[in-house]
Amino acid sequence: MFRALLFILVLIAVAPARAKLCNPIKERCFSHGGSSTKPAYPSRSSGINLNPSAVPTEDAWGIETIVFDGADFSLVKGTGRIGAALSPSNSEETFFGPPGFEIDQVFIQRKIDHKKYKSQKINLATAIGLVNNNHKGLRRFEVNLGVIGKYNRVAKKVGPGAGLSGIAGPITFGYSRGKDQYVIDLNPYGISSTVTYKYDTETLSAGIYLSTFAFDYSKLTITDEFESQVFITLLTGSLLLKRWILTVAQKKEDSARLKFDYKTNTLVDQRIKTDYFTGVQFAATKVIMIGAYYNYYLLNDLAFGATLFF
């Protein structure tokens, strides 16, 4: 199904179109314009949490909100060469982020109740443009460096991270590494203690950025303190129209973690777990974009988003 949808997007992107299309290289196409090195992703925060060098550096403000079981938001400010982003939401257990750490009983009940993973963090990221030849199209070359600090409010510690990304003509690329942690409170289960899971993240990505189409491949590796690993592969494609952005994505998780079966409300042993995402965004005005996302929080959910630029 995913391959068919992606194939259709490619056909639409390269075929002649009657509708006016947005050229991200020449003009600002809302969340996909400017210096973004994650143009295929449906939200700024998705790309920034994977690689902080994706923080946009354009001279503007941006506020992004995603609403489901409460609201997640991020604030972005660029000066022209340096950009910064602030968000009190973690990316674990979202479609574009790593898996979360939780007790099986909590995991099952959260899935049944359709509750998103509880955030413990405040994220602050900044990026700077290292190289920019100020050319457009096939001659464009840009490299950005970013750093991020993920402050865990429960552990009262910061997990540092850094990343490098760029655009070379129609090609996008990136690499990042970081340290993170999550605290599980065992007191509700009769145990007077907490458990802190510490883990490292590593992300490698490459993609294609055309005038009407963006595609991104990302490989995320999570290694915990016991040397057990989780491998996540993300394939994301977006069709960029003048006022619409259509996105489809596939996520494959290779891990020993059990999979939740929505038919039986139980956990099943399945090494490779595959999920799909679809999203549509519409530019309501020149400064406001609204969107709807299916399975953003991996709950077969329908979340809604809004982005304001000024």
Side-chain angles (χ1 to χ4, degrees), residues 38 41 45-55 72 74 85 87-108 110-111 115-125 146-165 174-187 189 191 193-205 217-234 251-260 267 269-275 296-299:
K38 284 286 185 183
Y41 278 40
S45 57
S46 299
I48 293 169
N49 285 327
L50 282 180
N51 190 330
S53 62
V55 173
D72 290 334
S74 60
S87 175
S89 306
N90 54 250
S91 60
E92 289 93 337
E93 287 298 309
T94 65
F95 191 90
F96 298 95
F101 293 88
E102 53 193 331
I103 299 172
D104 286 350
Q105 298 93 317
V106 175
F107 179 55
I108 293 173
R110 184 174 64 81
K111 289 285 189 178
K115 297 291 185 180
K116 65 185 181 184
Y117 195 66
K118 187 176 181 180
S119 173
Q120 295 182 346
K121 302 171 188 174
I122 299 175
N123 304 315
L124 178 61
V147 294
I148 189 171
K150 298 183 178 182
Y151 176 72
N152 189 298
R153 298 188 298 268
V154 180
K156 301 186 184 305
K157 293 184 178 180
V158 177
L164 191 74
S165 62
Y175 177 80
S176 66
R177 297 199 66 169
K179 292 184 176 295
D180 216 329
Q181 56 193 323
Y182 196 84
V183 180
I184 295 180
D185 184 7
L186 299 177
N187 284 278
Y189 308 97
I191 304 175
S193 66
T194 59
V195 176
T196 300
Y197 286 91
K198 298 179 181 180
Y199 55 98
D200 297 334
T201 60
E202 182 180 34
T203 305
L204 180 66
S205 65
Y217 164 88
S218 293
K219 181 67 176 288
L220 174 62
T221 303
I222 301 98
T223 306
D224 66 21
E225 54 190 322
F226 306 106
E227 298 299 321
S228 66
Q229 291 186 309
V230 176
F231 303 98
I232 292 177
T233 302
L234 285 167
K251 179 177 187 176
K252 283 190 175 183
E253 177 185 327
D254 180 353
S255 71
R257 188 171 70 147
L258 300 176
K259 177 181 175 61
F260 182 77
L267 298 179
D269 187 7
Q270 185 173 324
R271 181 74 193 186
I272 305 296
K273 294 162 278 289
T274 304
D275 286 288
Y296 185 88
Y297 291 102
L298 298 171
L299 296 168

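One is the number of the first residue; the rest follow in order along the sequence.
- At a threshold of 4.5 Å between non-hydrogen side-chain atoms, the residues V230 and Y199 do not count as touching.
- Judged purely by atom type and a 3.5 angstrom limit, K273 uses its side chain to pair as donor or acceptor with the backbone of R257.
- Under the 3.5 Å distance criterion, the side-chain polar atoms of K150 are left unmatched by any main-chain donor or acceptor of Q181.
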Take F95 and L234, measure what side-chain contact (heavy atoms from CB on, under 4.5 Å) needs, and give me the verdict at the end.
-> CA-CA 9 Å; F95 191 90; L234 285 167; 3.8 Å; yes

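- Side-chain atoms of D180 and I222, non-hydrogen and from C-beta on, never get closer than 4.5 Å to each other.
- Between the OG1 atom of T201 and the CZ atom of R177 there is a distance of 8.5 Å, given to the nearest 0.5 Å.
- The main-chain N or O of F96 is never found under 3.5 Å from a side-chain atom of S91 such that the two would form a donor-acceptor pair.
- Scanning all heavy atoms of the two residues, the minimum distance from S74 to S45 falls at OG-CB, 4.0 Å.
- With a 4.5 Å cut-off on side-chain heavy atoms, V183 and V195 do not count as touching.
- Under a 3.5 Å cut-off, the side chain of T203 and the backbone N or O of S218 do not form any donor-acceptor pair.
- Nearest heavy-atom pair, Q229 versus T221, reported as atom, atom and distance to 0.1 Å: NE2-CG2, 3.9 Å.
- Annotation: side chain of P98 is in contact with side chain of L220 (closest heavy-atom distance under 4.5 Å).
- Minimum heavy-atom separation, I48 to I148: O-CD1, 4.4 Å.
- Atom CD1 of residue I272 and atom NZ of residue K259 lie 11.5 Å apart, to the nearest 0.5 angstrom.
- The nearest pair of heavy atoms linking K219 to T233 is CD-OG1, 3.4 Å.
- Side chain of Y117 to main chain of F101: a donor-acceptor pair is present (N/O by atom type, distance under 3.5 Å, no hydrogens or angles).
- A donor-acceptor pair shorter than 3.5 Å can be found between the side chains of Y175 and E202.
- No side-chain donor from either of Y296 and D72 sits under 3.5 Å from a side-chain acceptor of the other.
- Atom NZ of K118 is surrounded by 12 or fewer heavy atoms from other residues, nucleotides or ligands within 6.0 Å.
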Is there a side-chain contact (heavy atoms from CB on, under 4.5 Å) between L299 and R110 once you walk through the steps?
-> CA-CA 9 Å; L299 296 168; R110 184 174 64 81; 4.2 Å; yes

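- Atom CD1 of I108 sits about 11.5 Å away from atom CD1 of I103, to the nearest 0.5 Å.
- For the pair G149 and V158, the tightest heavy-atom approach, listed with the atom from each and the gap, is CA-CG1, 3.9 Å.
- Between L204 and Y217, every side-chain heavy-atom pair lies at or beyond the 4.5 Å cut-off.
- Within the 4.5 Å cutoff, no side-chain heavy atoms of L298 are placed close to those of F260.
- For D200, the side-chain hydrogen bond (donor to acceptor under 3.5 Å, both in side chains) partners are K179, not counting sequence neighbours.
- In terms of heavy atoms, G97 sits closest to I232 at O-CD1, 4.0 Å.
- Residues passing the ring pair (Phe, Tyr, Trp, His ring centres under 6.0 Å) test with F107, sequence neighbours excluded: none.
- Side-chain contact between I184 and Y197 is present, with at least one heavy-atom pair separated by less than 4.5 Å.
- Annotation: side chain of N152 is not in contact with side chain of K157 (no heavy-atom distance under 4.5 Å).
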Please report the C-alpha distance between E92 and K121 in whole Å, then the side-chain angles of each, then the deciding distance to 0.1 Å, and finally whether the salt bridge (charged side-chain N to carboxylate O under 4.0 Å, His left out) criterion is met.
-> CA-CA 11 Å; E92 289 93 337; K121 302 171 188 174; 2.3 Å; yes

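- For NZ of K115, the number of neighbouring non-hydrogen atoms (other residues, nucleotides, ligands) closer than 6.0 Å is 12 at most.
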